[in-house]
Amino acid sequence: MSGERTLLQFQPDACTVSRGGETIRLLPKEFALFQFLYEHAGRPFSRAELLDRVWGLEDPTDRTVDDHIYRLRKKLRGWSDAVTIDTVRGVGYRLTRKGARLANPLVSFPEFSQNVYRLLELYHGMGMGAALQTLSAHRDVLGIELDPFYAVYIRFVRGDFAWFVETSSLPFEEKLFYLLHIFSMVQKNPRESLRLFERVRSEPDRLPPRWRDELEINVIGLYLETGQWDKAERQMVKAEGIVARLGSDSFTLLLRYTQILYALLRDRLTEAEQLIRRSEEQLSRIPMQRELGSLTLLKGMCMYRRAEQQQARQLVEEGMEVLRASRFVPHVIYGVRLVLFFLDTFGWDAEWQHKYSTLWEELAAEYRFDYLARSIPALVQRPF
């Protein structure tokens, strides 16, 4: 049986699923339920779990799940050779994928795998989350075997955060850094995030070497959010040495953005604007989409500090649009969090503050912030 026979393509905007040139249109909740079960194929879920995962803050009943399963089975009847939704007695429902995949004929060409990896690195470095996700979604058709790092990283990019909490397929030391990142995004109290960061920093062997440098840069933002200026200043000096050693444009901008935020919070507007100009020059040479969105947000905050509210609003909206277009879900969440932190700190623009608070609540419901914030600390703090 060919790999294409089992490959399904999900189109969220249209609520359609395609297979081999055939497309099935689903209702929005049918689509969400089917996609969730498909992404967790082989795992049984109770009705209560499905209600929590798919319906979130709504208040449906167990019968709602049964009705949606019934309709899905009818619509998917023609694809029963590829996928079925089975009843698990005493538990609930489980989706089963069927059919064996043919061996990938391209694995005998090492240069192909090398070129794919270079392409993934390029998309990653340029902040092109949409390209990463598209390549991953079509990997069976294209004959691509994802590098293990990118197979995991793309889950993070697309916002599959609960997988990092629940999976047992990834060694704990490999997912620890992701758990820290996720917690710092979804936890409203930065002191709680800093506590976990410091716990891991005190035991550096808990992290693979490739994550340790990034952790030392990321902790600066938490020092800024908690008003620990002296620690932030010392950590920025330490991070400058790390960035110089790495020679990475992405890490250079990551550090510079914390320096811009520090300058804005300390009322050093001229210094912030100089750093913004240096960042713009760098991005003119290497137009990294994700980093451009974040810099535009910071420019908007600078305009707020200059009492240029209309221009500030325009830049903040523009920055968020760039981040959304990049399809890096973590950066969208970080962007909203940064805007709210800034507006909460200075008390400017109540209208935009309400607007972004509403957006935060929408993201919280979609990506299950409460569940993540409850679950991650116990995992991170367990003995290594």
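As the structure is a prediction and not an experimental result, all values here were calculated from the model. Counting from 1, the numbers follow the sequence of the chain as shown. Worth knowing before you read on, the calculation uses all heavy atoms, side chains too, and leaves out hydrogens, waters and symmetry mates.
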Residues Glu225 and Arg337 bridged, charged N to O under 4.0 Å: yes

What closest approach, in Å, do Arg313 and Tyr304 show between heavy atoms, and which atom pair accounts for it? CG-OH, 3.6 Å

For the pair Leu132 and Arg327, evaluate side chain to side chain contact (heavy atoms under 4.5 Å, CB included) and give the outcome as yes or no after the intermediate values. CA-CA 9 Å; Leu132 281 172; Arg327 297 276 301 279; over 6 Å; no

Hits for side-chain contact (heavy atoms from CB on, under 4.5 Å) against Leu269, two or more places apart or cross-chain, chain-then-number order -> Leu264, Asp267, Arg305, Arg306

If you measure from the Lys or Arg side-chain nitrogens to the Asp or Glu carboxylate oxygens, is any gap between Glu281 and Arg278 under 4.0 Å? no

Less than 4.0 Å between a side-chain N and a carboxylate O, is that true for Glu318 and Lys299? no

pair Val243-Leu254: side-chain heavy atoms closer than 4.5 Å: no

Side-chain H-bond candidate by donor/acceptor type, Glu240 with Gln259, under 3.5 Å: yes

Report, as yes or no, whether the 6.0 Å neighbourhood of atom CD on Gln353 holds more than 12 heavy atoms from other residues, nucleotides or ligands. yes

Is there a side-chain contact between Leu295 and Ile260 in this structure, where contact means two heavy atoms from C-beta onward sitting under 4.5 Å apart? yes

Can you check whether Glu214's main-chain N or O pairs, donor with acceptor, with Asn218's side chain at less than 3.5 Å? yes

For a 4.5 angstrom cut-off between non-hydrogen side-chain atoms, does Val332 reach Met320? yes

Kindly say whether Trp55 contributes a backbone atom to a donor-acceptor pair with the side chain of Lys29 at under 3.5 angstrom? no

Going through the distances and angles, do Arg206 and Glu203 end up as a salt bridge (charged side-chain N to carboxylate O under 4.0 Å, His left out)? CA-CA 6 Å; Arg206 298 187 77 188; Glu203 304 174 86; 3.8 Å; yes

Side-chain heavy atoms of Leu180 within contact of Phe183, under 4.5 Å: no

Glu22 with Arg19: basic N within carboxylate O range, under 4.0 Å: no

Rounded distance (nearest 0.5 Å) linking atom CZ of Phe328 with atom CZ of Arg290: 4.5 Å

Could you check whether His181 and Trp211 have their ring centres less than 6.0 Å apart? no

Is there side-chain contact between Arg25 and Cys15, with at least one heavy-atom pair below 4.5 Å? no

Nearest heavy-atom approach of Asn189 to Gln187 is N-OE1, 2.9 Å

To the nearest 0.5 Å, atom CD1 of Ile69 lies from atom CG of Leu50 at 6.5 Å

Quick one: do Leu120 and Phe149 satisfy side chain to side chain contact (heavy atoms under 4.5 Å, CB included)? Show the steps, please. CA-CA 10 Å; Leu120 288 166; Phe149 169 80; over 6 Å; no

With ring pair (Phe, Tyr, Trp, His ring centres under 6.0 Å) as the test, would you mind laying out the steps for Trp352 and Phe342 before giving the verdict? CA-CA 11 Å; Trp352 243 235; Phe342 190 79; over 10 Å; no

Any donor-acceptor N/O pair, Thr84 side chain to Asp86 backbone, under 3.5 Å: no

Indicate whether any N or O donor in one side chain lies under 3.5 Å from an N or O acceptor in the other, for Tyr223 and Thr258. no

Side-chain donor-acceptor pair present, Thr23, Thr16, cut-off under 3.5 Å: no

Which heavy atom in Ile217 sits nearest to a heavy atom in Ala239, and how many Å separate them? CG1-CB, 4.1 Å

For Leu207, does its backbone N or O pair with a side-chain atom of Arg212 as donor and acceptor, under 3.5 Å? yes

Between Ser375 and Arg368, does any side-chain donor sit less than 3.5 Å from a side-chain acceptor? no

Run the salt bridge (charged side-chain N to carboxylate O under 4.0 Å, His left out) test on Arg43 and Glu166 for me, step by step, so that the C-alpha distance in whole Å, both residues' side-chain angles and the decisive distance to 0.1 Å come before the verdict. CA-CA 12 Å; Arg43 176 179 168 182; Glu166 298 162 0; 3.3 Å; yes

Centre-to-centre under 6.0 Å for Phe34 and Phe10, is that the case here? yes

So how far is it from Ile286 CD1 to Gln282 CD, rounded to the nearest 0.5 Å? 6.0 Å

Separation between CD1 (Ile24) and CZ (Arg77), nearest 0.5 Å, reads 11.0 Å

Under 3.5 Å, is there a donor-acceptor pair between the Tyr262 and Glu233 side chains? yes

Does CZ belonging to Arg89 count more than 12 external heavy atoms closer than 6.0 Å? no

Test side chain to side chain contact (heavy atoms under 4.5 Å, CB included) on Arg199 and Arg195 and set out the steps. CA-CA 6 Å; Arg199 170 76 180 267; Arg195 183 173 58 83; 5.9 Å; no

Answer yes if the ring centres of His124 and Tyr150 are under 6.0 angstrom apart, and no otherwise. yes

Steps toward side chain to side chain contact (heavy atoms under 4.5 Å, CB included) verdict (Leu363, Val186): CA-CA 9 Å; Leu363 291 168; Val186 305; over 6 Å; no

State, with a plain yes or no, whether a side-chain heavy atom of Leu194 is found less than 4.5 Å away from one of Gln228. yes

Mind listing the closest non-hydrogen atom pair of Arg256 and Leu275 along with its distance? CD-O, 3.5 Å

Evaluate the side-chain proximity of Phe45 to Arg94: yes if any heavy-atom separation is below 4.5 Å, no if none is. no

Please work out which of the three classes, parallel, tilted or perpendicular, describes the rings of Tyr367 and Phe161, given edges at 30° and 60°. tilted

Shortest non-hydrogen pair, Cys302 vs Ile276, comes out as CB-CD1, 4.2 Å

Please examine the side chains of Thr226 and Leu222, heavy atoms only from C-beta on, and report whether any two atoms are closer than 4.5 Å. no

Pair Phe369 and Trp360, ring centroids less than 6.0 Å apart: yes

Is it the case that the side chain of Gln235 and the backbone of Glu216 share a donor-acceptor pair, with hydrogens and angles ignored and the cut-off at 3.5 Å? yes

With no hydrogens and no angle check, just 3.5 Å: does a side-chain donor-acceptor pair link Ser169 and Thr167? yes

Checking Lys355 against Glu317 for the salt bridge (charged side-chain N to carboxylate O under 4.0 Å, His left out) test, could you report, in this order, the C-alpha distance in whole Å, the side-chain angles of both residues, the deciding distance, and whether it holds? CA-CA 11 Å; Lys355 176 178 180 175; Glu317 290 291 280; 2.8 Å; yes

Does Asp67 form a salt bridge (charged side-chain N to carboxylate O under 4.0 Å, His left out) with Arg63? I'd like the steps, not just the answer. CA-CA 6 Å; Asp67 290 343; Arg63 185 65 193 172; 3.1 Å; yes

Just verifying a value: how many Å separate Gln9 CD and Gln11 CD, rounded to the nearest 0.5 Å? 7.0 Å

Residue pair Ser294 / His331: nearest heavy atoms and the distance that separates them: OG-CD2, 4.4 Å

Relative to Phe36, does Arg53 satisfy both conditions: NZ or CZ under 6.0 angstrom from the six-membered ring centre, and within 45 degrees of the ring's axis? no

In terms of side-chain heavy atoms, does Asp66 have a donor or acceptor partner in Tyr93 at a distance below 3.5 Å? yes

